[in-house]
Amino acid sequence: MPRYQRPTGTLDILPEDQHYWDHVRARARRLAELAGFERIDVPMFEATQLFARGIGAGTDVVDKEMYTFTDKGGKQLTLRPEFTAGVMRAYIENGLHVHLQPVKLYSFGPTFRYDRPQAGRYRQFTQFNVEILGDQDPAADVEVMALVWDLYAGLGFRNLEFQLNSTGCPRCRPGYVAVLKSYYAEHLDEICEDCRRRLERSPLRVLDCKAGRCQSVIAGAPHFLDHLCHECAEHLHTLREYLDLLGRRYAINHRLVRGLDYYTKTVFEVWAAGIGAQAAVCGGGRYDGLIELLGGPPTPGVGVAVGLERIILVMKGLDVEVPSLPTPRVFVAHLGSRAKREALRLVHALRHADVGAWLSYGERGLKSQLREAGKRGVRYAVILGEDELATGAATVRDMDAGEQVSVELAELVDWLSGRG
RNA sequence: GUGGGUGUAGCCUAAGGGUUAGGGCACCUGGUUGUGGCCCAGGAGAUUGUGGGUUCGAAUCCCACCACUCACCCCA
């Protein structure tokens, strides 16, 4: 038999880690609901075209990172590499654009990108995704940003700071790209090969090149913020004012440009220390042209995607205390087949009374059963044997105190549920 | 796709050419009759990542592949 192992870049989330996930999801959900977001679930796979159009041909995600396959009917499908395109499709397809606007949506789930794994980067990873559709108010931008900020702060992150930039709009971007290109035209011999290619395909991306030789060129490059149109400049100005008002720290990062084509105006990320090179713990921004691009009515939108694996890495690095998940408080041990039948009845009665209970399996000595009870971490072990059946009263052992009492079988469920 | 590091039981690890691969954690069974944790004794668990090569002899040396890992790239 071959020894199976999980596919490269995937993760088994074992029981001992589930409390982290549970905690993060619960907090995210709570914050979203407090701000009026409603949950939407969209398929894990969609028509390949949707992502190609939405994210943009020429982006790394579309060109080399998608899990694409042909189904038995010959359809080209792709495991979602992100949430936004699918949520936009659902918004259009289900007529959410005729609902009261804005529509505020959140989602959780796995996303897939074919990439070489490393610290904080997996091929299947989990996102918490938030979108506000149908309003261009910078107040929507700030609400999305504040939501993720509050999530991190509430999970114990310190020294938070947004990286913030604007990528303009179809009105001002061509002008800036022209300025950028003419600046680069004077430095062509100083930059790396990748950047020469980027200049043609996605010129803004030269700004976040990490090649050593490009750094001084980037440092001298013109800033988009100096070339925004009035509307985009005004939008950013107001957003900054709102961020200041709420006390959310941010740093303008002229080099922040994102790998997905759909962004307009606001783009932002939050970086975390201590989880390796993949430090972006969320990324998002505004995408006012996306819904129209995907065949819907012109509709502005803003959103953010949060990587849960990375959050949990940070939490572990910070030794954040997370409440453990509930486990049964009672273990029912038995001696003899009559007692085992009584034990079986008892654990179900306990569970119906909302008291978690373990049933001892097999026919073993009491020592072995109590050893298991101790390892299970229960508060009480109920012992049922011939003596107990004869007297009609079970022995209940308090595992912490090491003391035991006799409790009438008829009162046992009440007795145990009254202590917890 | 490109580079570096690492692969010995579920986990941590010893043995750096020489008999049945050693230990710790965890797991199981005992230490008289029906009582956990500590202690003691015992047990089970490993085709040393896989395949090939060198050698009288390979966990150990060589090659290839695979996986993990870190970094580039890109991003969550």
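Every chain is numbered from 1 and lettered A, B, ... according to where its sequence line falls, protein lines coming before strand lines.
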Value in whole Å for how far the [atom2] atom of [N] lies from [atom1] of [X]:
| X | N | atom1 | atom2 | result |
| --- | --- | --- | --- | --- |
| A:Arg197 | B:G1 | CZ | P | 17 Å |
| A:Arg205 | B:C74 | CZ | C1' | 7 Å |
| A:Glu16 | B:A26 | CD | C1' | 12 Å |
| A:Ile275 | B:C70 | CD1 | C1' | 14 Å |
| A:Leu256 | B:C74 | CG | P | 13 Å |
| A:Gln215 | B:C72 | CD | C1' | 14 Å |
| A:Arg116 | B:U69 | CZ | C1' | 10 Å |
| A:Met66 | B:C74 | CE | C1' | 15 Å |

Is it true that a side-chain atom of [X] and a backbone atom of [Y] form a donor plus acceptor pair closer than 3.5 Å?
| X | Y | result |
| --- | --- | --- |
| A:Tyr183 | A:Val217 | yes |
| A:Lys265 | A:Leu236 | no |
| A:Arg345 | A:Arg341 | no |
| A:Asp398 | A:Ala401 | yes |

How long is the gap from CZ on A:Phe224 to CG on A:Leu256, to the nearest 0.5 Å? 12.5 Å
Protein heavy-atom contacts under 4.0 Å, written 5' to 3' over nucleotides 34-42 of chain B as B (base), S (sugar-phosphate only) or - (none), form the string BBBB-----
Between [N] and [M], how many Å separate the two [atom1] atoms, rounded to a whole number?
| N | M | atom1 | answer |
| --- | --- | --- | --- |
| B:G3 | B:G57 | P | 35 Å |
| B:A71 | B:G52 | C1' | 31 Å |
| B:C65 | B:A26 | C1' | 33 Å |
| B:G23 | B:G37 | C1' | 24 Å |
| B:U60 | B:U47 | P | 15 Å |
| B:G10 | B:G5 | P | 27 Å |
| B:G51 | B:A59 | C1' | 16 Å |
| B:G1 | B:G43 | P | 49 Å |

Does A:Gln118 get its side chain close enough to the base of B:C73, under 3.5 Å, for a donor-acceptor pair? yes
Find the partner of [N]: check Watson-Crick (N1-N3 plus N6-O4 or O6-N4) and G-U wobble (N1-O2, O6-N3) distances, both under 3.5 Å, and reply none if neither fits.
| N | result |
| --- | --- |
| B:G37 | none |
| B:C27 | B:G43 |
| B:G1 | B:C72 |
| B:G17 | none |
| B:G7 | B:C66 |

Would you mind classifying the nucleic acid contact of [X] as base, sugar-phosphate or nothing, using non-hydrogen atoms under 4.0 angstrom?
| X | result |
| --- | --- |
| A:Arg376 | nothing |
| A:Asp60 | sugar-phosphate |
| A:Val281 | sugar-phosphate |

Taking the six-membered ring for Trp and the full ring for Phe, Tyr or His, determine whether the centres of [X] and [Y] are under 6.0 Å apart.
| X | Y | result |
| --- | --- | --- |
| A:Tyr287 | A:Tyr262 | yes |
| A:Tyr380 | A:Trp415 | yes |
| A:Phe162 | A:Tyr250 | no |

Criterion side chain to side chain donor-acceptor pair (under 3.5 Å) on A:Thr395 and A:Ser406, from CA distance to verdict: CA-CA 5 Å; A:Thr395 301; A:Ser406 188; 5.5 Å; no
Indicate whether the side chain of [X] and that of [Y] have a donor and an acceptor atom separated by less than 3.5 Å.
| X | Y | value |
| --- | --- | --- |
| A:Glu131 | A:Thr84 | yes |
| A:Thr70 | A:Gln76 | yes |
| A:Thr10 | A:Gln124 | no |
| A:Asp261 | A:Thr59 | no |

Detail all sub-3.5 Å separations between protein N/O atoms and N/O atoms belonging to nucleotides 64-66 of chain B.
none

Note: contacts of residues 120-131 of chain A with RNA chain B (heavy atom, under 4.0 Å) are A:Gly120, A:Arg121, A:Tyr122, A:Phe125, A:Gln127
A side-chain contact here means heavy atoms from C-beta on lying under 4.5 Å apart; do A:Phe125 and A:Leu11 qualify? no
B:G16 glycosidic torsion: syn (within 90° of 0) vs anti: syn
For A:Tyr114 and A:Arg198, take the nucleotide of RNA chain B holding the closest heavy atom to each; which residue's nucleotide lies nearer the 5' end? A:Tyr114
